[in-house]
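So you know, we letter chains A, B, ... as the sequences are listed, proteins then strands, and number each from 1. Keep in mind that the numbers below use all heavy atoms, side chains included, and drop hydrogens, waters and symmetry copies.
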There are 2 protein chains.
Amino acid sequence: MVGGVLDGKRFAVHTLLLIRKMARKISMADVARQLNVSPATVSYVLNGREGTLVSDRTRERVLEMAQQMGYRPNRAAQVLAGKRSNVIELCVNGFNPAFYGQVIHAFQNQFVANPYQLRIVNPDYTREGDWPFVGNDWPMDGLIISDAYFPESIAPSLAYPGAHIVSKLGVPIVSTGIFAITDIDYVRVDLVPAIEAALRHLAANCKRIAYVSLWPAHTEAENSDPRYPAYQRIVREFGLKEELIVTYDSRDVPLREFTRATVRKYIEENGCPDGIFCYNDERAIATLAAVRDLGLKVPEDVRLIGCDGIEENTYHNPPLSTIQYPFDEVARLAWEFLNRRIEEPEIPMQSATLQAELVLRESSG
Amino acid sequence: MVGGVLDGKRFAVHTLLLIRKMARKISMADVARQLNVSPATVSYVLNGREGTLVSDRTRERVLEMAQQMGYRPNRAAQVLAGKRSNVIELCVNGFNPAFYGQVIHAFQNQFVANPYQLRIVNPDYTREGDWPFVGNDWPMDGLIISDAYFPESIAPSLAYPGAHIVSKLGVPIVSTGIFAITDIDYVRVDLVPAIEAALRHLAANCKRIAYVSLWPAHTEAENSDPRYPAYQRIVREFGLKEELIVTYDSRDVPLREFTRATVRKYIEENGCPDGIFCYNDERAIATLAAVRDLGLKVPEDVRLIGCDGIEENTYHNPPLSTIQYPFDEVARLAWEFLNRRIEEPEIPMQSATLQAELVLRESSG
DNA sequence: TTGAAAGCGCTAACAG
DNA sequence: CTGTTAGCGCTTTCAA
């Protein structure tokens, strides 16, 4: 058991009462002073500099004392003094946990045994007078944006939102997702062909195809998303009627419960469509529950297709058809692009467009 | 469109080529120099100090220039200079995404319209020679630990692990979860009564009760968890035989797939238990799928109970019985404790123990 | 092999 | 009302 007093700070003392008083962390200077060496020496040792800058004897003493005193580096100070932060920020919209859970997981897999650390943040849409802000002003060496959404009404004057952000953040950025900004390095996912295929698949057997959407038709948000326009196109192509079941996305309402109730109500009032396409898989899962609540069967009474390709789909009964977002490939490419730009800032723009794929399972018949 | 050159740094220029060169962010000094005022003045304005420290005219000019130049504060520097970081770290084990997703979500709800920002981190079990480390050395004003797991074999010498961490981190900590450290402020969740109730419920109707576990029996990890000992107790009480189906938890294996395959194999080789208790809900969901794969029915052939109480449970068919972890209450209390300790460091220890509750749904008959 | 000192961007006390 | 200055913890160059 180690304990002691140092400049009025107590360290490594095994009683809660004493520890409460200790507001400050141990600094390099503390360690240095204890050993009668200079802070620089401690820095050399703790940074594991190569060569014989420091004698073995000193190195040993420093290491031991740092450990004993419970020294922890102050990363903020390190960065201020010019070290790399070794942090990559991943900015994801916090809503739709299942989808973003898989996005995060896919990126985390890129960061195992990787000198960089991944820091997850959410975009800040509240900063008024500013743009939908990404990054939280803590040091980072690079930023990955997943589906930054910049509708005209939020950022009317930003002709080049990506470049804009780069200029303010001063670090490389890669934009990813179906809303990828395309004036900086990006990995875009194209949903359209798969959505069209999904809807055609439904249209081949259905008389009424409904769309469980995020926003009402004719709103800007709804139309800047690729799903609704594709739905509209195919429904027209097959001479069917548009049926939108609107289910908002918000932190205040438990999404699945809300969707389940909304869909149930819609079916009770309007009868049951024999095909339903959903904005995402979470809504498809809630729709499946709603349909079951009413004693109806999937796919016999309603054919169902979702979007995203979350793992959960294959655990439902029946397993859910979906449009598969290429989580791993997006993460792999995004990190490859970002890493390369960090190493060689001057290389030309890097970009890729991946196709989402329709995966048919039992829920669509 | 704004653009210009300043000390060789270009700012807010609308072409990618130019922006690529701009590695540094705009600093307060940059803004000050441009305006021929002192950095301190800029600092006053940007920190919105009260009173008439700065003339309206100056304030206006500073604000406009900062905006134009795209100034963003350097939080690391602010903290180093003595400001609060306004960051609270939440440390969660990254595995078991569904459970931790809900933990995180519950905490995030405590931080809306809260001056503090929540930063999610994972514990670092890789730092050898050290203890299972929480916190990542970036500035923070407080730390919430969710289920820090400190088995004796990992931290043999730490008689007071909680106090130990406090002493090294120098910020208030609240420990939460079923493994809550209890020598510092904590919110503990007691699973035992609910687990026993669950197992008794199964035992009332079953001849063979299996436990889908994390580790093999007799391992230290398995026995330091409350589930297995409770299972053992009840199985003995009812004169039944122990049946463990071991399903490891690792980043390398997709958990559900692995569990599904393992359970299926177990049933094929050993016949089907008529009651299964699972370590967590994800395993219960995978078990449900495995049972279905074999043409068996829940609850007719097998009664099934999971643990955690994730939202997904109610969307499965049949809905899954579970032991409900009080996500919201844990988050609420933890934040209350932490906030109070930040404001008044000297108050006596705060603690609470919450009871998890058995929630019976169709899967258990 | 080690120490002294400057400086990173910012805040806050103090001086003018 | 505004500027000067010291210092936060650390890295790194230069000197000893």
- Quick one: does B/Asp185's side chain have a donor or acceptor within less than 3.5 Å of a partner on B/Gln350's backbone?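 Yes; judged by distance alone, with no hydrogens or angles, the pair exists.
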Which nucleotide in [options] has an atom nearest any side-chain atom of [X]:
X: A/Ala81; options: D/dT11, C/dG3, C/dC10; result: D/dT11
X: A/Val54; options: D/dG9, C/dT11, C/dT2; result: C/dT2
X: A/Ser27; options: C/dT1, D/dC10, D/dC8; result: D/dC10
X: A/Ser43; options: C/dG9, C/dA12, D/dT11; result: D/dT11
X: A/Leu80; options: D/dT4, C/dC10, C/dG9; result: C/dG9
X: A/Thr41; options: C/dT2, C/dT11, D/dT11; result: C/dT2
X: A/Ser38; options: D/dC10, C/dG3, D/dG9; result: C/dG3

Do [X] and [Y] pair up side chain to side chain, a donor and an acceptor below 3.5 Å, judged on atom types alone?
X: B/Gln117; Y: B/Asn86; answer: no
X: A/Arg59; Y: A/Tyr44; answer: no
X: B/Gln34; Y: B/Arg61; answer: no

- Message: Applying a 4.0 Å non-hydrogen cut-off, can you work out what B/Asp56 is touching in the nucleic acid: base, sugar-phosphate, or nothing?
- Response: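 B/Asp56: no heavy atom of the nucleic acid under 4.0 Å.
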- Query: Across the strands shown, which category fits B/Val79 at heavy-atom distances under 4.0 angstrom: base, sugar-phosphate, nothing?
  - Reply: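 B/Val79: no heavy atom of the nucleic acid under 4.0 Å.
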Q: Tell me, with the steps shown, if A/Cys91 and A/Leu143 meet side chain to side chain contact (heavy atoms under 4.5 Å, CB included).
A: CA-CA 7 Å; A/Cys91 180; A/Leu143 173 68; 4.2 Å; yes
* Asked: Closer to the 5' end of DNA chain D via nearest nucleotide, is it A/Gly82 or A/Ala77?
  ->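 Nearer the 5' end of the strand: A/Ala77.
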Within less than 4.0 Å of OP1 or OP2 of [N], is there a side-chain N or O belonging to [X]?
X: A/Thr58; N: C/dT2; value: yes
X: A/Ser55; N: C/dT2; value: yes
X: A/Asn47; N: D/dT11; value: yes

### Task
State whether the distance check finds a donor on one side and an acceptor on the other, under 3.5 Å, for side chain A/Tyr44 versus base C/dG3.
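Donor-acceptor pair under 3.5 Å: yes.
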